[in-house]
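For reference, the structure discussed in these notes is given below.
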Amino acid sequence: MALSLNGFPRTHRLLASNEFKAVFDGAQWKAQSKEILILGIHRGETQGNPRLGLVVGKKSAKKAVQRNSIKRVVRESFRTHKQALNGLDLIVLTRPGAADLPKQELRTMVDTLWGKLKPNRRKPSNPKPKRS
RNA sequence: UGAGUUGGCCGAACAGUCGCUGGAGUAAGCUUUUAGCUCGCUCUGGAGGAAAGUCCGGGCUCCUUAGGGCAAAGUGCCAGGUAACGCCUGGGCGGCGUGAGCCGACGGAAAGUGCAGCAGAAAGUAUACCGCCUAAGCAAACUUCGGUUUGCCGGUAAGGUUGAAAUGGUGCGGUAAGAGCGCACCGCGCGCCUGGUAACAGUGCGUGGCGAUGGAAAACCCCACUUGGAGCAAGACCAAAUAGGGACCCUAUGGCGUGGCCCGCGCUGGGUCCGGGUAGGUUGCUAGAGGUGCAAGGUGACUUGCAUCCCAGAGGAAUGACUGUUCUCGACAGAACCCGGCUUACAGGCCAACUCACUUU
RNA sequence: CGGGGCGUAGCGCAGCCUGGUAGCGCACCAGUAUGGGGUACUGGGGGUCGCAGGUUCAAAUCCUGCCGUCCCGA
């Protein structure tokens, strides 16, 4: 099969709520700026697809148009950088103020954040459930 | 030419590359093989005028038909349009504007209850502070003994003062002074007539002196009309499950049920706790009070007929990014069951009709 | 999708139903008591009543439309 390198099909997304929960509970990989926070978890298998989940709340962007455009920018950036992120499940969270950034600035910020993504050694590799 | 009013329309365009997504066709792989999943290729569709706020009205769906009474909420000049409306159109009345036009919660205060601070004599069955008038009565002062003046008593509401608001206006007569007390005109009420479907109107006729009948109902209220309740997380289907149990409590003028209460109606035990177990998929989901064009009817909203078109349907949720060219340099803003309105936001641009002012002819 | 509450001085709240004067506590400023501070007492300043219209003679209050914020239910 001739899977295109820059595509963003359904298999590259986080879909179910328990998948989101797994990333939140055992987030070893982390990168952040003032407006953006990226959490990640390594699924073990090195050749697996990277998967992306987005959390853009009303608190960070009030208007639906703003939330949509933020998601588009992040997806676009993920799509072009995903070859370096194999095997990772990632969640991108936005913080208040993300909607006030110009699109170009947001794009370059997310682009550089992928490179900054590093595993946190203090956390144990096997996630232990904090919440009961 | 400038200023303005009303109605309607548009909401950057084109090309290429990559990416997302619905549909149709087609090749391949996998599986639990009449089916489904994954992925590729070709063709094709892919946000708005407000998609928004969720303020109204419907469709649709379910509930044990929704019947009556009370309550509650909403609407409020008249007629029409519409599936319906609190919307729209036309008309009436009132107000604003030189005008085109615009604005109006615009039923009832002679059913009842309540309200109007301060000021003012008086604020709702009116009243009399300053005034004006009067010398009949009482009292006092003065007196040329004729009277004069003042107060009380009495008359009056023209003038003044207050206030948002003071109970017809102007003129003439009238009077002690005054007063619809009388008259004329205007205004107002009532009845009739005429026109209009009606709201309502009238140099129409008659009648009433007008303290009748002030304001406020976005105070309660009265009258008329409308409203059964919930909402696509409605609901339907498939698979699984709601099993079998234990303890305690409440009781059949009981309990349960989609309506705030009662009657009526339907069902027959109900509730709490312990323990056990399931919460996956499909559908509803877009062909509709649909769009466009033409014709006819109507002042118009709109209706009818014919032709033609198919124009988003996701499910963490699709329209974006980059490059190039052009211009007026791009605003408000993203469908989530679907329509009709209203309201609010909005860079800029276009068209039509009309009004006013100036200039020219 | 449906329903409800709140917005008044720097902060937390009354007043709104039943319309005419915006008040309470803390904080702030000044004075007195003390050598000074804390504290107490006395006096004072400070509010577009979320915004915009409307009703009324008069609106924080009644009505309508917006804005912000918080909370429920499915």
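In the text below, chain A, chain B and the rest are named by the order of the sequence lines, each starting its count at 1.
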*Which of the following nucleotides, A317(B), A321(B), A47(B), is nearest to the side chain of Arg75(A)?*
A317(B)
*Counting side-chain heavy atoms from C-beta on, which of C18(B), A333(B), G316(B) comes nearest to Lys63(A)?*
A333(B)
*Report which part of the nucleic acid Val73(A) touches: base, sugar-phosphate, or nothing (heavy-atom distance under 4.0 Å, all strands).*
nothing
Taking only side-chain nitrogens and oxygens of [X], does any of them come within less than 4.0 Å of OP1 or OP2 of [N]?
X	N	value
Arg72(A)	U319(B)	yes
Gln66(A)	G334(B)	no
Lys103(A)	A321(B)	yes

Separation of atom [atom1] in [X] from atom [atom2] in [N], rounded to whole Å:
X	N	atom1	atom2	answer
Lys62(A)	C67(C)	NZ	P	10 Å
Gln104(A)	G320(B)	CD	C1'	13 Å
Asp111(A)	A321(B)	CG	P	14 Å
His81(A)	A321(B)	NE2	C1'	13 Å
Asn68(A)	A52(B)	CG	P	13 Å
Leu90(A)	G316(B)	CG	C1'	16 Å

[N] versus [M] - spacing of their [atom1] atoms, nearest Å:
N	M	atom1	result
G255(B)	G229(B)	P	26 Å
C172(B)	C77(B)	C1'	43 Å
G101(B)	G91(B)	P	11 Å
G19(B)	A50(B)	P	37 Å
A321(B)	A331(B)	P	13 Å

*5'-most contact on RNA chain B: Ser69(A) or Glu76(A), nearest heavy atom basis?*
Glu76(A)
*What distance do Gln32(A) atom CD and Lys30(A) atom NZ have between them, rounded to the nearest 0.5 Å?*
5.0 Å
